[in-house]
Amino acid sequence: MSLIPDDVIEQVREAADIVGIIGEHVELKRTGSDFRAPCPFHGGTHRNFAVIPRKGMYYCFVCHAGGDVFTFFMKKLGMDYPTAVREVARRVGITIPERGPTGPDPREPLYSAVAAAADWFARQLLENPEAQVARDYVTTRHLDLETVQPLGLGYAPKSKALLDAMKGLGVRDEVLLEAGLLARREDGTLAPRFRGRLLFPIHDLRARVVGFGGRILGEGEPKYLNSPDTPIFHKGKLLYNLHVAKHAMRKAERAILVEGYFDVLRVSLAGIEEVVAPLGTGLTAEQAQLVKRHAPHVILLYDSDEPGLRATFRAGDELLREGLRVSVATLPAGEDPDTLVQKKGAAGLEEILKDAVDVLERKIQILDRKGFFGTLPGRRRALDRLLPTIRAATDPITRELYISRVAEAAGVRKDVLEREVTISGKGKGERGPGSTIPPSPFPIPQLPASAEKALLLLLLEGEPWKSRVTEAVDPEELEFPPYRAVFESVADDAVLALDDTSARAYEQLKAEGLGARDPNEMYELAVNWMEARRLERQLERLDDQLPFESPERQASLIAEKRRVFDELRKRYPRYKIAKRRRGAPGT
Ligand SMILES: [Zn+2]
């Protein structure tokens, strides 16, 4: 899609001498590792304009103009992005193939609109009286404005001032709409998407602002709101701070993955710059690929509570699928990276990163601590939870090590485990992202369409159902992807992070509600159904396995089958009948 390949742009940026280039326009004086000059943009006389060669960026502390060597040319000389890249490339002696017949990038107006809005939001944060609440909030997070300014943080006023400001700059409403900065209300009028929020600019790999994450100030929902997907902003394909972190990632040969924007800021400001975060959602395959382009090893640094651990292991599986090495760092209970660095500094964080363990090992630790390996059924359940991680590991050596380790931990023969990994892995792989709710093995008329849905309706009822459901059911057990996404986001209080399909599912469920249904009965049925489905799968697996076993091993598998079957009958007394009906509808 883009006309100059990303890696060429990257090469140009890295080769560019930003101090030399900007030094042609202003007189730079060294101060420590940075350079200062009077600002060429607002025309001041004091040295408020900084060039930071280590980061390849510039920033003015008065007018808040900021960016990299390319944006400098764009703002100073009025070039568009590709022209600026070509100009810098010419100076550093990199040849860029001539522009093809496609002409200029049609998305150029969107980039310009978002950049203009980003500058305006940043100025509001510092100057708008209404933004006092945002400035205070930044202070309560123990950050000072001086520090966050160069990072481009902004404030979106509650008023419609954005519309006038952008009009003044000649940015058309349609462009703002397409860029996701405006929304059309039901009555047809236009309103800013972000109102009364602290804004974190989100950059693409070329360090262009393409969207925002906005945190609400004071009461309100949702807590975090992102730009919608636009031609330049794709939530699942961007990582917060990657445009800065990628250099450090290459040097450190590792990436640190955290959950929140503030975590990124804190860790990065503490001098550990190889830190990125997904944009309020679970990590996607595309994001995992992005990480892989810059570092071979990822350390997951999420909260240590239940939702944090779930998110950790889901991200871990995604990263393993891309062949990355994955470790998990464990924060003390109740801490997040932000609070930890505030208390113990970068050194305290480094300690924790140093103690990071492999993601599978961490899973085993947790299962062990919960006593899973103490009993036979417990070991089976533990195995069920470890299998997805083994299967996710695409790197053959990692997979081999994982199989050996799990065989040892669960007391299973290695060859049996190997077979299980391949057998159940096949079925899993066939189920694509477009899969729908699997047909219920037994008809349960009292339930709203499916057990998965019933669990979600209960979850959305709030406490005590929310806690009961999240304790009884692991999100991985939900097979319908949007339901799984809703389950996780409600459990984690991160509903805004949902993609479009899941958000629709969420809204429908919200609208439906429990109605006249009895929550106790619904809970019992749904949880039993989920358990029954798990047991049924286990039976299928045992059936798959049986023919390949020695006679004495077969005997023990048959005993195991008996046990699973009895458990299943307990959970669902009509199991046998339902099965027979399903198998032969005519009888
Ligand atoms: Zn300035």
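Sequence positions, counted from 1, serve as the residue numbers for this chain. Basis for what follows: all heavy atoms, side chains included, without hydrogens, waters or symmetry-related copies.
Side-chain contact, Asp336 with Thr339: a donor N or O sits under 3.5 Å from an acceptor N or O.
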For this session: For Tyr155 and Arg197, run side-chain contact (heavy atoms from CB on, under 4.5 Å): C-alpha distance rounded to whole Å, both residues' side-chain angles, the deciding distance at 0.1 Å, then the answer.
Result: CA-CA 6 Å; Tyr155 175 72; Arg197 286 176 186 269; over 6 Å; no
Problem set entry | Verdict with reasoning, Val88 to Ile94, per side-chain contact (heavy atoms from CB on, under 4.5 Å) | CA-CA 9 Å; Val88 178; Ile94 293 173; over 6 Å; no
Problem set entry | Evaluation steps, salt bridge (charged side-chain N to carboxylate O under 4.0 Å, His left out), between Glu335 and Lys343 | CA-CA 10 Å; Glu335 301 278 8; Lys343 282 183 205 155; 2.7 Å; yes
For this session: Could you please spell out the steps behind the salt bridge (charged side-chain N to carboxylate O under 4.0 Å, His left out) verdict for Glu10 and Arg293?
Result: CA-CA 13 Å; Glu10 208 40 58; Arg293 277 169 59 185; over 6 Å; no
For this session: Apply salt bridge (charged side-chain N to carboxylate O under 4.0 Å, His left out) to the pair Glu350 and Arg254, showing each step before the final yes or no.
Result: CA-CA 13 Å; Glu350 275 295 358; Arg254 69 174 188 191; 3.1 Å; yes
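Taking the charged nitrogens against the carboxylate oxygens, Glu87 and Arg91 do have a contact shorter than 4.0 Å, which makes a salt bridge. Using a cut-off of 4.0 Å between Lys/Arg side-chain N and Asp/Glu carboxylate O, Lys158 and Glu130 are scored as not salt-bridged. One finds a salt bridge joining Glu273 and Arg54 here, because a Lys/Arg side-chain nitrogen approaches an Asp/Glu carboxylate oxygen to under 4.0 Å.
Under the 3.5 Å distance criterion, the side-chain polar atoms of Asn241 are left unmatched by any main-chain donor or acceptor of Val244. Between the side chain of Arg362 and the backbone N or O of Ala329 there is no donor-acceptor pair closer than 3.5 Å. Side chain of Ser227 to main chain of Phe212: a donor-acceptor pair is present (N/O by atom type, distance under 3.5 Å, no hydrogens or angles). Side chain of Arg13 to backbone of Ala15: no donor-acceptor contact under 3.5 angstrom is found. Gln287 contributes a side-chain N or O that, together with a main-chain N or O of Lys235, makes up a donor-acceptor pair within less than 3.5 Å. Checked by atom type and distance alone, the side chain of Lys160 pairs as donor or acceptor with a backbone atom of Leu190 at under 3.5 Å. Side-chain atoms of Arg266 come within 3.5 Å of backbone atoms of Arg141 as a donor-acceptor pair (strictly under, hydrogens ignored). Lys167 places no side-chain N or O within donor-acceptor distance of the main-chain N or O of Asp173, the cut-off being under 3.5 Å.
Residues Tyr111 and Asp80 form no side-chain contact, since every pair of their non-hydrogen atoms from C-beta on lies 4.5 Å or further apart. With a 4.5 Å cut-off on side-chain heavy atoms, Asp395 and Arg325 do not count as touching.
Distance check: Leu320 CG to Glu318 CD gives 9.5 Å after rounding to the nearest 0.5 Å. We find the CG-CG distance between Leu198 and Leu125 to be 6.5 Å, quoted to the nearest 0.5 Å. The CG atom of Asp338 sits 10.0 Å away from atom CG of Leu269, with the distance rounded to the nearest 0.5 Å. Residue Leu331 holds its CG atom at 10.0 Å from CG of Asp305, rounded to the nearest 0.5 Å.
Counting non-hydrogen atoms of other residues, nucleotides and ligands closer than 6.0 Å to CD of Glu253 gives a total of 12 or fewer. Heavy atoms of other residues, nucleotides or ligands lying less than 6.0 angstrom from CD of Glu27 number 12 at most. Taking a 6.0 Å sphere around NE2 of His46, one finds it holds 12 or fewer heavy atoms contributed by other residues, nucleotides or ligands.
Scored by the side chain to side chain contact (heavy atoms under 4.5 Å, CB included) test, Asp136 finds Gln132 as partners (sequence neighbours excluded).
Applying the ring pair (Phe, Tyr, Trp, His ring centres under 6.0 Å) test to every pair with at least one member in residues 256-284, sequence neighbours left out, gives these pairs: Tyr137-Phe262, Phe200-Tyr261, Phe200-Phe262, Tyr224-Tyr261, Tyr240-Tyr261. Residue pairs meeting the ring pair (Phe, Tyr, Trp, His ring centres under 6.0 Å) criterion with at least one member in residues 275-302: none, sequence neighbours excluded.
Because its NZ or CZ atom is not both nearer than 6.0 Å to the ring centre of Tyr81 and within 45° of the ring axis, Arg206 does not count as a cation-pi partner of that residue.
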